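Contents: one structure, followed by commentary.
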Amino acid sequence: MKNPYLPLPMRLVKNFVETEDKLIHTFTLEFLNEEDEKLFQYLPGQFAEVSVFGVGEAPFGIASSPTEPGHLKFSVAKVGVVTTTLHQLPEGTVLGVRGPLGNNYPIEEFKGKNLVVIGGGFAFTTLRSLITYILHPDHRGDYGELTVIYGARNPGLLLYKDELAEWEKRPDINLVCTIDRPVEGWNGRVGFVPTVTKEVAPSAENAYAVICGPPVMIKFTMPVLEELGFAPEQIIMSLENRMKCGIGMCGRCNVGNKYVCKDGPIFTRAQLNQLPNEY
Amino acid sequence: MLLVNKGQFTDWLNQLIQVYQVYAPVKEDDYFCFKKINSGDQVTLNYTNSKVPPKEVLFPRSEKLFCYRYENGGVQLTEQIDESKKIIVGLRPCDAKSFLLLDGVFNSDKYHDPYYLTRRNNTVLVGLGCNQPAATCFCTSLGGGPFATEGLDLLLVDIGDRYVVEVLTDRGRELLSGLELPAADQEAQEAARRVKEGAALSTQVNLEGLKSKLDVIFYDPIWDLIHEKCLGCAACTYTCPTCHCFDIVDEAEGNEGCRIRNWDACMFPLFTLHGSGHNPRPTGKERFRQRVMHKFKYFVDNFNAIACVGCGRCIINCPVNLDIREVLAEIQGSEVRSDKQ
Ligand SMILES: Cc1cc2nc3c(=O)[nH]c(=O)nc-3n(C[C@H](O)[C@H](O)[C@H](O)COP(=O)(O)OP(=O)(O)OC[C@H]3O[C@@H](n4cnc5c(N)ncnc54)[C@H](O)[C@@H]3O)c2cc1C
Ligand code: SF4
Ligand code: SF4
Ligand code: FES
């Protein structure tokens, strides 16, 4: 019987301070055993439980894309016991990773469709995975137009700045970054994500919207998407309930009769409309 | 049906102890609990039911999942899977049924819990029918009964100085193979029949139509009142044979340690508290609603069975007498509104 509680050993090869406020670090991990990498077949949107042995484990969205072999990436906000310890770990530390867990963004259904990716704050992790996956030369042709709207309070809080700069230059992605208030040296847009989404006005025709961010951003962007004509079936969201087992057994993460860890974390707005609002 | 006298039964337990870990009801202070026994005389079988259900034999309150040790620049993990052969003797039919419900959780389409399932596959269940159900028992409302056999390998029926043994599975038959038990004679069968007839339950809960009410009750104001008495102590979930929530924590000493899982409960506020401080179930109302909805709606949606066996433990152990039978009756008696918030 395969034991779903046993983590695979991975080495922390990079502990990178991602944001100016230093509250988000991006961790790059490499498998200690080559065979394990083959076992760990994931798709954008899935998550994993990362173990700091002796401290505990916590679930994080996988920020790397399966098109980037050899390592996994996680971007982690410092909020509690495991995340604070992670932030302090020296490179070279051996960690554990359990997964991949949960479902993925419906990349098959996205094929042939235009995509509008909307992210806010540090909830950009699995969106990075998705965008990187789609931009890969093997996949880019399968998808239509790609619009990315990404907001943060200030430029220092945007994740993956180097990559944003590269995407900016590409003709096959329409990247719109926005910050809440004007800052010297910022040439991009200023304004909250819902307002900017309204301005960019992506068409809902033959399109899907994928939205991840803080609850307020989601709350105010929803009506904008609805106005633009996105039906609940066309809006994809990712939930983050508190989790332990990640495999539907510890009873912690349910929303109604669905377990976010096993049946999610990715749901369409239409599916969430059928569930109680306990997330 | 076979027959065994009580003296012989104790001898049999003593034989089984040589080969199996035998768990049976043992008296502790003023209650009973399932303990691993070293001798047949430790067992008390004229008991009503155990304080904590025998689920703790298969799913302990606290258990090691694995131990880790940092060495040679890597980490060594050792699984802690308990492969010993076990027997649970004297469990009640309701508790046997709870294992069938837990099976669904721990053996899902996608994941298999090796800790629970290994123990489960290595454990033989010898049930004991209930000659005198408690006032809090309502198993018959949930498709069970004081002499129900579902999930059991053997069922004992106490007819005074002897037990009538109903052999229900091959595993049960094998367990008896060392004993040359006589078939139950007509007199014993008659006695067993009388005992069964005399075992009447005092309460029934009407579950007809409950599910369709619960399907639309989530936002109903009824929850504002129902939970009011509840203290959030989780005695009800801790002693429930079908509750399966757990927490996972690490314990470390130097460069080695263990990952442990402990029972946890949806009645606690920290259970669902996010790292951000947001809590999807911020008050007792949401938590009590979760407990009821999980057992009587969500579990039914997912497994086509109610996650309650009517053992009555949550009623006995609640410090403020919050009675699940009354809660269900209240829901049944109300005009459920389904105004979504
Ligand atoms: C599917 C999924 C994907 C996720 N992806 C990401 C991601 O990509 N990046 C990311 O940063 N996060 C992500 N998260 C969130 C992340 O899992 C949590 O931030 C993390 O589990 C916190 O772990 P911790 O041990 O640091 O916090 P904990 O120490 O468990 O505590 C977190 C908070 O809980 C409260 N708390 C817990 N225990 C107690 C107690 N005993 N007493 C009082 N208060 C207590 C406190 O408010 C504390 O601040 C994701 C979550 C899910 C479910
Ligand atoms: S809910 Fe109460 S009566 Fe039902 S199985 Fe659990 S403890 Fe027993
Ligand atoms: S035992 Fe009673 S008071 Fe305690 S959590 Fe359960 S219902 Fe509430
Ligand atoms: S995290 Fe355990 S059930 Fe979802």
Side-chain angles (χ1 to χ4, degrees), chain A residues 1-11 32-33 49 51-59 76-83 92-96 101 214-215 239-263 273 275-279, chain B residues 65-66 68-70 73-75 77 79 81 105-106 108 110-118 218-219 243-257 259 261 264-266 270-281 286 289-290 293-294 297-302 340-341:
Chain A
M1 205 178 310
K2 191 168 174 286
N3 187 339
Y5 296 95
L6 282 189
L8 303 170
M10 293 193 79
R11 190 177 305 283
L32 244 54
N33 308 316
E49 287 276 352
S51 287
V52 184
F53 293 110
V55 179
E57 56 178 2
V76 174
K78 182 169 151 182
V79 296
V81 178
V82 174
T83 51
T93 309
V94 173
L95 299 170
L101 299 168
L239 299 189
E240 275 197 7
N241 277 23
R242 192 166 176 84
M243 293 183 183
K244 283 287 172 176
C245 70
I247 55 175
M249 294 178 185
C250 77
R252 188 170 307 260
C253 68
N254 74 298
V255 177
N257 59 15
K258 297 278 183 257
Y259 285 98
V260 176
C261 64
K262 185 163 152 278
D263 304 313
N273 285 344
L275 295 175
N277 63 356
E278 283 192 339
Y279 44 85
Chain B
L65 298 179
F66 60 81
Y68 70 89
R69 188 186 169 80
Y70 279 109
V75 67
L77 303 183
E79 278 179 298
I81 294 190
V105 174
F106 289 120
S108 74
K110 215 170 153 194
Y111 299 106
H112 314 288
D113 185 294
Y115 306 94
Y116 173 86
L117 292 173
T118 307
F218 190 88
Y219 295 102
C243 279
H244 58 81
C245 291
F246 58 85
D247 190 15
I248 301 179
V249 294
D250 281 14
E251 281 179 10
E253 227 185 287
N255 63 349
E256 57 186 348
R259 181 153 297 160
R261 76 164 157 204
D264 202 348
C266 62
L270 289 181
F271 190 67
T272 49
L273 182 65
H274 288 200
S276 62
H278 167 66
N279 195 341
R281 293 190 207 123
E286 292 84 16
R289 177 172 61 194
Q290 161 65 18
M293 293 291 268
H294 179 230
K297 170 174 159 55
Y298 306 152
F299 208 89
V300 182
D301 289 338
N302 290 331
K340 207 167 168 168
Q341 268 181 349

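Here the structure is a predicted model, which means the values were calculated and not measured. Sequence lines set the chain letters: A, B, ... in the order given, protein chains first and strands last, and positions in each chain run from 1.
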Inset, instruction - Give, as side chain, backbone, both or neither, the part of Val81(A) having an atom under 4.5 angstrom from any heavy atom of chain B. - result: neither
Legend entry - Proximity breakdown for Glu57(A) and chain B, heavy-atom pairs closer than 4.5 Å: both
Inset, instruction - Go through Gly256(A), Gly56(A), Gly80(A) and name the one with the most non-hydrogen pairs under 4.5 angstrom from chain B. - result: Gly256(A)
Legend entry - Interface residue of largest heavy-atom contact number with chain A, from Glu256(B), Gln290(B), Lys297(B), Glu253(B), under 4.5 Å: Gln290(B)
Inset, instruction - Give the member of Arg259(B), Glu251(B), Met293(B) that has the highest number of heavy-atom pairs under 4.5 Å with chain A. - result: Arg259(B)
Legend entry - Residue pair Pro9(A) / Asn33(A), side-chain heavy-atom distance below 4.5 Å: yes
Legend entry - Per-residue contact mode, Asn302(B) against chain A (heavy atom under 4.5 angstrom): side chain
Inset, instruction - Nearest 0.5 Å please: distance from the CD atom of Glu286(B) over to the CG atom of Asn277(A). - result: 9.0 Å
Inset, instruction - Can you see which heavy atom on Arg252(A) is nearest to which on Thr272(B), and at what distance? - result: O-CG2, 3.8 Å
Legend entry - Axial cation check for Phe218(B) ring with Arg289(B), 6.0 Å and 45° limits: yes
Legend entry - Part of Phe53(A) within contact of chain B (heavy atom distance under 4.5 Å): both
Inset, instruction - Kindly indicate whether the side chain of Pro215(A), heavy atoms from C-beta on, has any atom under 4.5 Å from the side chain of His278(B). - result: no
Legend entry - Interchain contact, Pro7(A) with chain B, by part (heavy-atom threshold 4.5 Å): both
Legend entry - When Leu117(B), Asp301(B), Asp250(B) are compared by non-hydrogen pairs under 4.5 Å with chain A, the top option: Asp250(B)
Legend entry - Heavy-atom pair count under 4.5 Å with chain B, highest-scoring of Leu32(A), Val255(A), Asn254(A): Asn254(A)
Legend entry - Verdict with supporting geometry, Cys266(B) and His294(B), side chain to side chain contact (heavy atoms under 4.5 Å, CB included): CA-CA 10 Å; Cys266(B) 62; His294(B) 179 230; over 6 Å; no
Legend entry - When Asp247(B), Val300(B), Asn279(B), Leu65(B) are compared by non-hydrogen pairs under 4.5 Å with chain A, the top option: Asp247(B)
Legend entry - Residue pair Asn257(A) / Leu275(A), side-chain heavy-atom distance below 4.5 Å: yes
Inset, instruction - Apply the ring-ring contact (aromatic ring centres under 6.0 Å, His included) test between Tyr5(A) and each candidate in Phe66(B), Phe106(B), Tyr111(B), Tyr115(B); give the one that qualifies. - result: Tyr115(B)
Inset, instruction - With the side chain counted from C-beta on, respond yes when Met249(A) and Tyr259(A) share a heavy-atom pair under 4.5 Å apart, and no when they do not. - result: no
Inset, instruction - Could you look at Leu77(B) and say if it's the side chain, the backbone, both or neither that has a heavy atom under 4.5 Å from chain A? - result: side chain
Legend entry - Region of Cys253(A) that comes under 4.5 Å of a non-hydrogen atom in chain B: neither
Legend entry - Residue, of Tyr70(B), Tyr298(B), Phe299(B), that accumulates the most heavy atom pairs under 4.5 Å with chain A: Tyr298(B)
Inset, instruction - Can you see which heavy atom on Tyr116(B) is nearest to which on Arg261(B), and at what distance? - result: N-NH2, 4.2 Å
Legend entry - Proximal component of Ile247(A), with respect to chain B [non-hydrogen, under 4.5 Å]: both
Inset, instruction - Considering only heavy atoms and a distance below 4.5 Å, find which of Asn255(B), Leu273(B), Val249(B), Ile81(B) pairs most often with chain A. - result: Leu273(B)
Legend entry - Nearest heavy atoms of Pro280(B) and His274(B), plus distance in Å: CG-NE2, 3.6 Å
Legend entry - Part of Thr83(A) lying under 4.5 Å from any heavy atom of chain B: neither
